[in-house]
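Report on the structure given below.
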Amino acid sequence: MTKLTVSDLDVKDKKVLIRVDFNVPIKNGVIGDDNRIVAALPTIKYIVSHGGKAILLSHLGRIKSEEDKKELTLKPIAERLSELLKQKVTFVPTNEGTELETAISKMSDGDVLLMENTRFQDIDNDFGKRESKNDPKLGEYWASLGDLYVNDAFGTAHRNHASNVGIATAMKKNGKKVAAGFLIEKEIKFLGNAIANPVHPFVTILGGAKVSDKIGVITNLIPKSDHILIGGGMAYTFLAAQGYSIGKSLFEADKVDLAKKLLKEADGKIVLPVDHVAADSFSNDAKREIVSDNIPDGEMGLDIGPKTIELFKKTLQGAKTVVWNGPMGAFEMSNFAEGTLEIGRTLADLPDATTIVGGGDSTAAVKKLGIAPKLTHISTGGGASLEYLEGKTLPGIACISDK
Ligand code: ADP
Ligand code: MG
């Protein structure tokens, strides 16, 4: 990879600013799921064990009022991080000013400090959203606190914020190095490479609710893929474009022309469902039946049917790269999870294939279904991985120094 990574840095005795993604679910100070904190550990541990001073920045949620600040303080996260690292983590209840600067000046090599939620800078000032609108002065200030900068927050890599792009820009202006952390390095290695240089046959699997959410992904991946399997709610707009009856399935009337255009452009690469699990309502208790081709009036397709599962499995045989975004059905309901589960199982069993999952709900689906450990890479970013799949340049990655 051409980007500088944390293992290229000499961090000994250095103040290393690290942008992590600690945007975890939290309620009344209780952390719901600490996956994101765990995911940041390799980079932090590397810096600490190599004698660097780790100065951490992260956002948490959105700050619109003083009230939000009470709920969205990073203090409980500092405590959890300390437990996970088995070392003291100094929490500074601000992210600007003397208190922070003094705390940093007192750090010894191997110490860890976490400053308060970067988005506290989004209110109470003349600029407005200083963090989220990337006030250059804020990036310059944060950059002045360290000798090196490591960005490891993939979940915000699609954002142009002061705590990623702002700091990186200022660091580079001052001749200081900007590197990727291990998490971002891994995303570039798998998600980035799979799309830039896929080993063929390359099969893309798309699903989820809406065509409109995935237009960018489809258009970017049509020319690169050998086959594109489309399931989930978005399949129905394509089927309607081909003249099938879709009952009351998810449908975007204003995307029919686009679906026709994409089908034409894909020139046979797009494979659509040939049968469905249809139900009379969007409920796990709904009466359901397997239907081929046309969906009767009053029913909706909520999962791909058994023949489609076989068809998709057959198309996946021999694939060397698979990118999957979007569940094959309304998998949150057990009666409509079979398609998603079977496709996941198929990917898990493919020999010598690089299998990559991106997208918030898709990731939740493979985790819930227990197939995550058998896949090559589960992307940690929801919006960020979608934009990566769309072929967009992510500002939080573009700002990292080249090797
Ligand atoms: P991702 O977050 O992985 O990009 P999406 O947000 O596009 O995925 O889609 C996920 C949602 O799509 C899920 O909530 C799922 O219930 C819904 N979905 C999938 N198939 C259907 C369907 N046939 N009808 C209605 N909803 C569906
Ligand atoms: Mg989603």
Side-chain angles (χ1 to χ4, degrees), residues 4 6 8-23 40 43-48 50-60 63 69 73-75 77-78 81-82 85 87-122 124-125 127 129-153 156 159-181 184 395-396 399-401:
L4 201 67
V6 60
D8 297 319
L9 300 177
D10 178 10
V11 300
K12 178 118 189 68
D13 300 330
K14 299 276 172 35
K15 287 178 282 184
V16 189
L17 298 163
I18 316 171
R19 175 57 161 102
V20 288
D21 180 2
F22 286 166
N23 187 31
T43 297
I44 301 170
K45 281 184 177 164
Y46 180 90
I47 286 161
V48 165
H50 285 77
K53 303 176 174 93
I55 304 165
L56 310 179
L57 305 98
S58 176
H59 81 282
L60 174 62
I63 305 291
K69 288 188 175 180
T73 170
L74 293 186
K75 191 161 187 282
I77 294 175
L81 177 64
S82 171
L85 284 173
Q87 86 169 76
K88 185 179 168 221
V89 172
T90 302
F91 174 70
V92 182
T94 177
N95 53 46
E96 189 178 18
T98 325
E99 188 180 356
L100 174 65
E101 291 151 29
T102 307
I104 292 175
S105 70
K106 286 186 183 155
M107 289 175 82
S108 304
D109 292 352
D111 280 356
V112 179
L113 176 150
L114 174 65
M115 64 180 82
E116 186 55 283
N117 189 348
T118 55
R119 288 197 185 160
F120 278 27
Q121 294 278 358
D122 279 352
D124 294 338
N125 60 77
F127 186 90
K129 296 184 174 180
R130 295 190 78 199
E131 156 73 326
S132 303
K133 290 267 155 64
N134 190 9
D135 175 0
K137 290 211 174 65
L138 183 57
E140 277 160 28
Y141 171 72
W142 280 332
S144 75
L145 303 172
D147 306 309
L148 299 164
Y149 173 65
V150 173
N151 186 14
D152 210 18
T156 31
R159 305 287 186 213
N160 188 347
H161 288 178
S163 63
N164 58 2
V165 177
I167 302 185
T169 309
M171 295 296 277
K172 288 189 286 189
K173 205 163 84 190
N174 298 329
K176 296 175 185 173
K177 286 180 178 160
V178 173
I184 287 200
C399 70
I400 294 164
S401 312

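Position 1 is the first residue of the sequence, and the numbers go up from there.
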- Task: For the pair D10 and K177, find out whether any cationic side-chain nitrogen is under 4.0 Å from an anionic carboxylate oxygen.
- Result: no
- Message: Check this for me, if you would: do K53 and D109 make a salt bridge, where the nitrogen-to-carboxylate-oxygen distance has to be below 4.0 angstrom?
- Response: yes
Answer yes or no: does atom [atom1] of [X] have more than 12 heavy-atom neighbours from other residues, nucleotides or ligands under 6.0 Å?
{"X": "K12", "atom1": "NZ", "value": "yes"}
{"X": "K176", "atom1": "NZ", "value": "yes"}
{"X": "K172", "atom1": "NZ", "value": "yes"}

Provide the closest heavy-atom pair for [X] versus [Y] in the form atom of the first, atom of the second, distance.
{"X": "N151", "Y": "G396", "answer": "ND2-O, 3.0 Å"}
{"X": "A40", "Y": "V20", "answer": "CB-CG1, 3.9 Å"}
{"X": "D21", "Y": "R19", "answer": "CA-NH1, 4.3 Å"}
{"X": "L145", "Y": "I55", "answer": "O-CD1, 3.9 Å"}
{"X": "M171", "Y": "V178", "answer": "CB-CG2, 3.8 Å"}
{"X": "Y141", "Y": "N95", "answer": "CE2-O, 3.7 Å"}

Mind checking whether [X] and [Y] have side chains closer than 4.5 Å, heavy atoms only?
{"X": "F22", "Y": "L114", "value": "yes"}
{"X": "S132", "Y": "R119", "value": "yes"}
{"X": "F120", "Y": "E131", "value": "no"}

- Query: Between the side chains of S82 and Q87, is a donor N or O closer than 3.5 angstrom to an acceptor N or O?
  - Reply: no
- Item | R130 and H161 side chains, donor-acceptor separation under 3.5 Å | no
Within this structure, what is the [atom1]-[atom2] distance for the pair [X] and [Y], rounded to the nearest 0.5 Å?
{"X": "S105", "Y": "L100", "atom1": "OG", "atom2": "CG", "answer": "10.0 Å"}
{"X": "L60", "Y": "T118", "atom1": "CG", "atom2": "OG1", "answer": "9.0 Å"}
{"X": "M107", "Y": "T90", "atom1": "CE", "atom2": "OG1", "answer": "7.0 Å"}
{"X": "D135", "Y": "E140", "atom1": "CG", "atom2": "CD", "answer": "8.5 Å"}
{"X": "L56", "Y": "M115", "atom1": "CG", "atom2": "CE", "answer": "8.0 Å"}
{"X": "N134", "Y": "L138", "atom1": "CG", "atom2": "CG", "answer": "8.0 Å"}

- Task: Assess whether side-chain contact (heavy atoms from CB on, under 4.5 Å) is satisfied between L148 and I47, documenting all intermediate values.
- Result: CA-CA 11 Å; L148 299 164; I47 286 161; over 6 Å; no
- Item | Steps toward side-chain contact (heavy atoms from CB on, under 4.5 Å) verdict (T43, I18) | CA-CA 9 Å; T43 297; I18 316 171; 4.2 Å; yes
- Message: Applying side-chain contact (heavy atoms from CB on, under 4.5 Å) to E116 and F91, what does each step give before you reach the verdict?
- Response: CA-CA 7 Å; E116 186 55 283; F91 174 70; 3.3 Å; yes
- Which is it for E96 and Q121 under the side-chain contact (heavy atoms from CB on, under 4.5 Å) test, yes or no, and what are the steps along the way? CA-CA 9 Å; E96 189 178 18; Q121 294 278 358; 3.2 Å; yes
